[in-house]
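Notes for the one structure printed next.
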Amino acid sequence: MKKTLITTSIIAAVFAMPAVADPTAQELLDQKTVTSKYYVDTTKQDKITTDKVLFFEVPKANFSAYVPALVLTNAAGTTLNGNTVGMLDQGTLSDVNGLASNNDLRYLTGATYDNFVPTVRAVATELSSIWTRLGDTLSWTSTQTNAVNAYNIYFGTGTNQWSGTGNEYITGSSLAQGLALKQNIIAAGTSGNVVTYTGTAGQVGSVGVYNGSTTYNASSDASKLATAGFVETKQEKLTCAGYVDGHANDDNYCWLYSLEEPQASAPSCAEYGQLLSKAQDASDCCSGVVQDGTDMCGCSSKSDCPNDGYSCDSYHVCNLKA
């Protein structure tokens, strides 16, 4: 009786098994191996629940766009998640941008952006689209400023001022026209020459300098500027000291010439014994001191006295040597 029950159970089990391929020798061996719970818990990965992630939805248009999910860890790094962050491809992005209205991705929130990772193609295509919309150049907003003929640093509506404020852009043509008003770079020219006006805006000339270090050459040195040192070496001016009767002050009738005496330069300080004005003090004296009890310049050493026969005493007064 017992034998019959076992046979019946085996037959029932065989008929209840689904139709599968014959197991391999290794699979037959693995079916006879018993595994501990500890081994499974410590070496096997729990099943990860995966799903697609909703990227964009327009209920009125009956449109929904889903993208494949990425497997990521949670914030704590303890478990895996496969249905939170999606991979945004160019095909899905193109479908979303093809909607009739409200399709701009600007309508997505910041948190929504963080739930998707774009493919390289999606990023490259969008960057190319931005450049195309700009017309392959930078676009200007209504705050652009026309700065034609402005050449000072002030902002406003005055003559030759930049219109608008300092934080606005200007057009390329305005910049070019403004720069055209600037002084061109002055060429290096000849070292030591003096820059001169030419009468033409934006252009300068130059003239050489003659200092007497070389023999004077009328053909090459006549138009040069003379240095003060060179002029100082020249003879003093001749003046007429006698005219033919009836021709006074007519140089064509001068019969006697004399050299002008050079004008002595005024002293830069007050000499010994000079009385100082109320606006002056000891610093105006050549010696830097005044005679004690007076407003006259004194001596600080015998070199400040009139001649070597004097000595300078403690009162800053020059006395004859005993």
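T239 places none of its side-chain heavy atoms less than 4.5 Å from the side chain of Y257. Contact of the N81 side chain with the L72 side chain is not registered, since no non-hydrogen atoms from C-beta on lie closer than 4.5 Å. Side chains of F55 and N115 form no contact here, defined as non-hydrogen atoms less than 4.5 Å apart. Put simply, the side chain of V290 reaches to within 4.5 Å of the side chain of L276, judged on heavy atoms.
With T198 contributing its side chain and Q203 its backbone, the two residues share a donor-acceptor pair below 3.5 Å. Remark: the backbone N or O of C297 is not paired with any side-chain donor or acceptor of Q274 at under 3.5 angstrom. Judged by distance alone, the side chain of D284 and the main-chain N or O of D281 form a donor-acceptor pair under 3.5 Å. Between the side chain of Y210 and the main chain of T214, a donor-acceptor pair closer than 3.5 Å is present. T125 places a side-chain N or O within donor-acceptor distance of the main-chain N or O of R121, the cut-off being under 3.5 Å. Checking side-chain atoms of T294 against main-chain N and O of Q291 turns up a donor-acceptor pair under 3.5 Å. Formation of a donor-acceptor pair under 3.5 Å by the H316 side chain with backbone atoms of V289 is not found in this model.
Of the inter-residue distances, the one linking M87 atom CE with T119 atom OG1 reads 7.0 Å to the nearest 0.5 angstrom. Here the CZ atom belonging to F230 is positioned 8.5 Å from the CG atom belonging to D221, to the nearest 0.5 angstrom. If you take SG on C299 and CG on D313, they are separated by 6.0 Å, rounding to the nearest 0.5 Å. Here CG of L93 is found 11.5 Å from CZ of F116. Values are rounded to the nearest 0.5 Å. The structure places OG1 of T50 at 12.0 Å from CG of L80, a figure rounded to the nearest 0.5 Å. Note that OG1 of T84 and CG of D51 are 10.0 Å apart. Values are rounded to the nearest 0.5 Å.
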Check your understanding: What do the steps show when you test C269 against C285 for disulfide bond (SG atoms under 2.5 Å apart), and what is the final call?
Key -> CA-CA 5 Å; C269 56; C285 296; over 6 Å; no
Practice item. Start with the C-alpha distance between S64 and L54, add both sets of side-chain angles, then the distance that settles side chain to side chain contact (heavy atoms under 4.5 Å, CB included), and finish with yes or no. Key: CA-CA 7 Å; S64 299; L54 178 63; 4.2 Å; yes
Practice item. Walk me through it: do V194 and V209 pass the test side chain to side chain contact (heavy atoms under 4.5 Å, CB included)? Key: CA-CA 7 Å; V194 176; V209 176; 3.7 Å; yes
Exercise for review: Start with the C-alpha distance between Y243 and N249, add both sets of side-chain angles, then the distance that settles side chain to side chain contact (heavy atoms under 4.5 Å, CB included), and finish with yes or no.
Suggested key: CA-CA 7 Å; Y243 294 95; N249 299 321; 4.1 Å; yes
Point to revise | Check against disulfide bond (SG atoms under 2.5 Å apart), C305 and C318 | key: CA-CA 6 Å; C305 295; C318 291; 2.0 Å; yes
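Side chain to side chain, S300 and S287 fail the donor-acceptor criterion of an N or O pair below 3.5 Å.
Side-chain heavy atoms closer than 4.5 Å link hydrophobic residues (I, L, V, M, F, W, Y) into clusters, and following such links, possibly through other members, connects V53 to L88. Linking ILVMFWY side-chain heavy atoms closer than 4.5 Å, directly or via other members, places V85 and Y66 in two distinct hydrophobic clusters. By the rule that hydrophobic residues join a cluster once side-chain heavy atoms approach within less than 4.5 Å of another member, L256 and L238 end up as members of separate clusters. Following chains of ILVMFWY side-chain contacts shorter than 4.5 Å, one can reach Y253 starting from W255, so the two form part of one hydrophobic cluster. V67 and F56 fall within a single hydrophobic cluster, where Ile, Leu, Val, Met, Phe, Trp and Tyr side chains are chained together by heavy-atom contacts under 4.5 Å.
Few gaps surround CG on N217; more than 12 heavy atoms of other groups in view lie less than 6.0 Å from it. In this structure, K302 places its NZ atom where only 12 or fewer heavy-atom neighbours from other residues, nucleotides or ligands lie under 6.0 Å away.
Closest of all the heavy-atom pairs between A69 and N83 is CB-CA, 4.0 Å. The two residues A122 and D89 have their closest heavy-atom pair at CB-C, 4.2 Å. Closest of all the heavy-atom pairs between P306 and Y272 is CD-CD2, 4.4 Å.
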